[in-house]
Amino acid sequence: MRRNLMIGGALSALMVLAALVSFVWTPFAHTAMDIPAKLQPPNGTHWLGTDHFGRDILSMIMVGARTSIAVAFVAVGIGVGLGVPLGLWAAARQGGWVDEIIMRGNDLIFAFPSLVIAILITAIFGAGAVNAIIAIGIFNIPVFARVTRGGALPLWAREFILAARVAGKGAARISVEHILPNLANLLIVQATIQFSLGILAEAALSYVGLGAQPPTPSWGRMLADAQTLVSIAPHMALVPGFAIILTVLGLNLLGDGLRDALDPRLREART
Amino acid sequence: MLRYTLKRLLSLLISLAIASLVIFAVIEVAPGDPASFMLGMNAQEDTLAALRAELGLDQSKFQRYLTWVTGMMQGDFGTSYQYRTPVAGMIADRLWVSLPLALYALLLSTAIAFPAGIYAAARRGKPGDMGVMGATQLGVAIPNFWFAMMLVLIFAINLRWFSAGGFTGWDKGVFAALKSLTLPAIALALPQAAILARVMRSALLDVLGEDFMRTARAKGLSRGQALRRHGLRNAMIPVLTILGLQFSFLLAGGIIIEQVFYLPGLGRLIFQSISARDLIVVESVTMLLVFAVIMVNFAVDLAYAAVDPRLRART
């Protein structure tokens with residue numbers, strides 16, 4: 001079953017490509033207003049139509065992809081950077097007080113309604129991409145800590161870890177040299193899933209006006225602009241919506257595909 | 001069981017204490033003084049001081065924290081800076097929208113997800129399964145606020161079956177009130193249903209491979225009978241966990257959907273309070289939501305332990 005991997009990979013690559021190409025070329029300048037040409041449905045000149053200021057929607061989608069990718073990517077980076085070491089540490093001290101504190105801390109963060117806290121953080125410290133990243137990133141930390149710990153625990157009971165201990169390696173060195181490489185697959189799959197959740201969260205935050213601020217285009221804010229005009233210019237809502245859906249769908253399929261491809265046991269179980 | 005319950009209760013109390021400290025701290029570092037925000041730029045210094053004293057803002061941080069926490073334990077959530085009314089009353093009003101909305105969405109998501117998940121598991125690997133799984137992939141990828149906009153476009157603007165937003169209120173009759181919550185509930189339920197259907201399917205598939213299912217078939221039950229009598233019951237454990245989590249998510253997750261439909265619920269209350277710097281309301285509503293999530297998790301944990309003695313032994 002490589003179909004998920006192919007479709008997911010293609011959709012994800014398309015989004016990354018759109019973001020990269022936007023640095024050197026977009027059909028129009030994404031901030032260029034052309035009021036006489038406002039609210040045009042998709043046509044030969046403006047492939048995906050124009051918005052209420054006559055801005056080219058395709059150009060805005062391409063530049064908006066940069067925002068989405070950047071926010072989600074750094075937020076996943078925060079989760080991996082802090083969550084994975086915490087998870088490794090907890091697993092190395094399984095049952096001890098370090099493990100207990102880290103896991104209870106995890107439960108605590110999970111108990112917070114993430115969107116409410118994200119809104120709280122961005123509202124108090126100011127709306128903008130950086131605070132959105134922090135707000136989304138914080139909730140990635142317990143996810144990666146838990147996945148890392150869960151994956152690491154069974155490894156600690158394996159012979160090759162015993163061998164490493166006999167060879168005199170300490171817990172920290174074993175975690176980095178032997179446990180971490182064996183968790184790479186698991187973490188790559190989880191990162192893909194968190195990436196897609198990050199895209200959704202960024203869209204939600206910028207939809208309520210707490211994400212990237214104008215003139216930086218973002219898919220969520222394009223949807224907010226479209227809301228009052230949805231009956232006369234539905235393409236304004238449809239295009240950013242499809243951009244988000246296809247990106248998230250692509251990343252989720254990619255995650256599923258990677259899991260199947262990277263885990264031979266699953267492949268056997270499926271056939 | 002008693003020892004387990006006590007242990008979980010202790011960790012529940014610690015969680016609540018830390019959560020309240022974190023929320024209090026976040027609100028404390030928020031820039032801006034509520035008193036000067038309420039009285040505007042030209043307020044006299046002595047008026048400001050009087051208002052600060054009235055709001056209790058002149059007390060030490062520690063004292064304010066204690067007042068807040070002990071007040072909440074007695075059902076006193078403080079007084080709104082903006083409206084000068086008890087926050088508890090404001091929350092109670094909004095709960096009449098948010099709670100039914102969350103329950104409605106939960107009901108819809110269960111009604112969609114259970115049959116879909118069971119169907120997919122029974123048809124594993126066949127086109128029916130693939131169809132359901134494809135639909136769930138799409139369901140988790142659609143942002144619920146975008147879906148809400150599409151529902152408004154189709155069912156409110158074009159077909160005119162529902163109003164595009166607002167809440168009629170329960171005094172206009174249960175049917176009218178439920179009708180104004182229908183589109184928001186559908187929008188909220190969609191991604192939840194997709195997740196729940198996937199969990200249902202994989203939980204059932206896990207159970208179907210068990211020895212006792214083969215025994216059930218061997219003693220003469222049909223596939224459907226075995227699935228209903230032995231499969232479903234055992235698959236319910238992971239499904240119930242997700243269901244518990246989803247309820248608290250729906251309660252808090254309505255925040256965006258309430259914005260789309262202009263519903264006067266808890267989410268909108270938080271939003272309005274944030275923009276009006278009415279921080280005591282934000283603080284108390286956030287704490288209430290966290291409390292709800294922690295309590296639901298606690299109840300789910302206890303329910304497990306009651307059902308499955310192995311969990312008790314593990315602690």
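Every chain is numbered from 1, with letters handed out A, B, ... down the list of sequences. Worth saying up front: this structure is predicted, and the values here are computed from it rather than measured. All heavy atoms count here, side chains included; hydrogens, waters and symmetry mates do not.
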Self-check item: Part of B:V285 within contact of chain A (heavy atom distance under 4.5 Å)
Solution: neither
Quiz item: Checking A:L238 against chain B: side chain, backbone, both or neither under 4.5 Å from a heavy atom?
Solution: both
Exercise. Please flag which part of B:F271 lies under 4.5 Å from any non-hydrogen atom of chain A: side chain, backbone, both or neither.
Key: side chain
Self-check item: Note, A:D256 side chain near B:Q137 side chain (heavy atom, < 4.5 Å)
Solution: yes
Self-check item: Closest-packed option against chain B by number of heavy-atom pairs under 4.5 Å, given A:I244, A:L251, A:V230
Solution: A:V230
Quiz item: Most heavy-atom pairs under 4.5 angstrom with chain B, which of A:S196, A:G241, A:P234?
Solution: A:G241
Exercise. Identify the two heavy atoms, one from B:M150 and one from A:A237, that lie closest to each other, and give their separation to 0.1 Å.
Key: CE-CB, 3.7 Å
Quiz item: Atom OG of B:S11 and atom CE of A:M103: how far apart are they, to the nearest 0.5 Å?
Solution: 13.0 Å
Quiz item: Where on B:I142 is there a heavy atom nearer than 4.5 Å to chain A: the side chain, the backbone, both, or neither?
Solution: both
Quiz item: What's the verdict on side-chain contact (heavy atoms from CB on, under 4.5 Å) for B:W146 and A:I245, showing C-alpha distance, side-chain angles and the deciding distance?
Solution: CA-CA 10 Å; B:W146 181 81; A:I245 294 169; 3.4 Å; yes
Exercise. Measure distances from B:V22 to the heavy atoms of chain A and classify the residue's part below 4.5 Å as side chain, backbone, both or neither.
Key: side chain
Quiz item: chain A heavy atoms under 4.5 Å from B:V26: which part of the residue, side chain, backbone, both or neither?
Solution: both
Exercise. Heavy atoms only: give me the nearest A:Q227-B:M149 pair and the separation to one decimal.
Key: CA-CE, 3.7 Å
Quiz item: At a heavy-atom separation under 4.5 Å, does A:S231 approach chain B through its side chain, its backbone, both, or neither?
Solution: both
Exercise. Pick whichever of B:L153, B:T286, B:I18, B:N158 has the most heavy-atom pairs under 4.5 Å with chain A.
Key: B:L153
Quiz item: Is A:R104 close to B:I14 at the side-chain level, that is, under 4.5 Å between some pair of heavy atoms?
Solution: no
Practice problem: Determine the option with the most heavy-atom pairs under 4.5 angstrom with chain B, choosing from A:P240, A:A224, A:A204, A:G220. | Solution: A:A204
Quiz item: CG/A:L200 to CG/B:N144 distance, rounded to the nearest 0.5 angstrom?
Solution: 8.5 Å
Practice problem: Assess whether atom CZ of B:F24 is packed by more than 12 heavy atoms of other residues, nucleotides or ligands within 6.0 Å. | Solution: yes
Practice problem: Give, as side chain, backbone, both or neither, the part of B:I23 having an atom under 4.5 angstrom from any heavy atom of chain A. | Solution: side chain
Practice problem: Nearest 0.5 Å please: distance from the CD1 atom of B:I256 over to the CG atom of A:L205. | Solution: 7.0 Å
